[in-house]
Amino acid sequence: MNPHIEGYLLQLASNGQDLPGVAARLSTTQFNWRPRPGRWSVGQCVEHLNITTERSLPVLLSAIEAGRAAGRLHPGPFTLGLFERWFLRSLEPPPRRRVRTPALFTPGGPLDVETTLARWLRLQDRFAEAIRAADGLNLRALRVRSQFGPVSFTLDGTFAVLLAHQRRHVWQARAVRTAPDFPPA
């Protein structure tokens, strides 16, 4: 397996282990508690990531399929472009600025802890399958339109951005859980 793909799978595994640890053993009240109006709960952070992954998977799989069909193969290594590196830095936690989330990606509530976390785990498995399916492709030659706006990234950049986005919201969920007025168990 390409070391680049392995790196993305390791990042995904880290996020996949980190988030359940943040959300584990929370009551429904704690899972849905918001630090203040306009801020998200732990559950909403998880559900936002679920929505994002669910909406991104078809676009990723389509790009991967098209790349395979066109024979766009390359063993790597790959380097992110200037814009992708800048965008990636803007996503990494801790957030430097708040970004308004489009309505399609805004989680509702209240959310069930078990259902939301089970969905997270299923989608993480599907995301891992998509990353593995990209092994051997020229990750720099394939373009993927962002689900958040009128911009596209390379497949390489898309994987990097989605994983940084996960880290950002895991960080956010942890910040909610460690808030001084977070409800006791």
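The first residue of the sequence shown is numbered 1, and numbering continues consecutively from there.
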Contact list for [range], test ring pair (Phe, Tyr, Trp, His ring centres under 6.0 Å), sequence neighbours left out:
range	answer
residues 94-128	F105-F148
residues 2-34	H4-Y8, H4-F78, Y8-F159, W33-F182
residues 37-70	W40-H48, W40-H169, H48-H165, H48-H169

Residue pairs passing the salt bridge (charged side-chain N to carboxylate O under 4.0 Å, His left out) test where at least one lies in [range], sequence neighbours excluded:
range	result
residues 168-184	D18-R174
residues 25-53	E47-R119
residues 86-114	E92-R167

Query raised in the report: Who are the side chain to side chain donor-acceptor pair (under 3.5 Å) partners of R143, not counting sequence neighbours?
Result: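 Residues passing side chain to side chain donor-acceptor pair (under 3.5 Å) with R143: S152.
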Query raised in the report: What residues form a side chain to side chain donor-acceptor pair (under 3.5 Å) with N32, not counting sequence neighbours?
Result: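 N32 satisfies side chain to side chain donor-acceptor pair (under 3.5 Å) with no other residue.
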**Report entry** With A13 via side-chain contact (heavy atoms from CB on, under 4.5 Å) - residues at least two apart
**Finding:**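 A13 satisfies side-chain contact (heavy atoms from CB on, under 4.5 Å) with no residue once adjacent residues are dropped.
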Report task. Just jot down the side-chain contact (heavy atoms from CB on, under 4.5 Å) partners of A118, sequence neighbours excluded, or say none. Result ->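 If we apply the side-chain contact (heavy atoms from CB on, under 4.5 Å) test to A118, skipping adjacent residues, the hits are R122.
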Query - With L142, the side-chain contact (heavy atoms from CB on, under 4.5 Å) member among L60, D156, L155, I64 - result: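 Among L60, D156, L155, I64, the one that satisfies the side-chain contact (heavy atoms from CB on, under 4.5 Å) with L142 is L155.
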Report task. Write out all pairs satisfying side chain to side chain donor-acceptor pair (under 3.5 Å) with one or both partners inside residues 67-87, taking only residues at least two apart or from two chains. Result ->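 Qualifying pairs, neighbours excluded: E84-R140, E84-T154.
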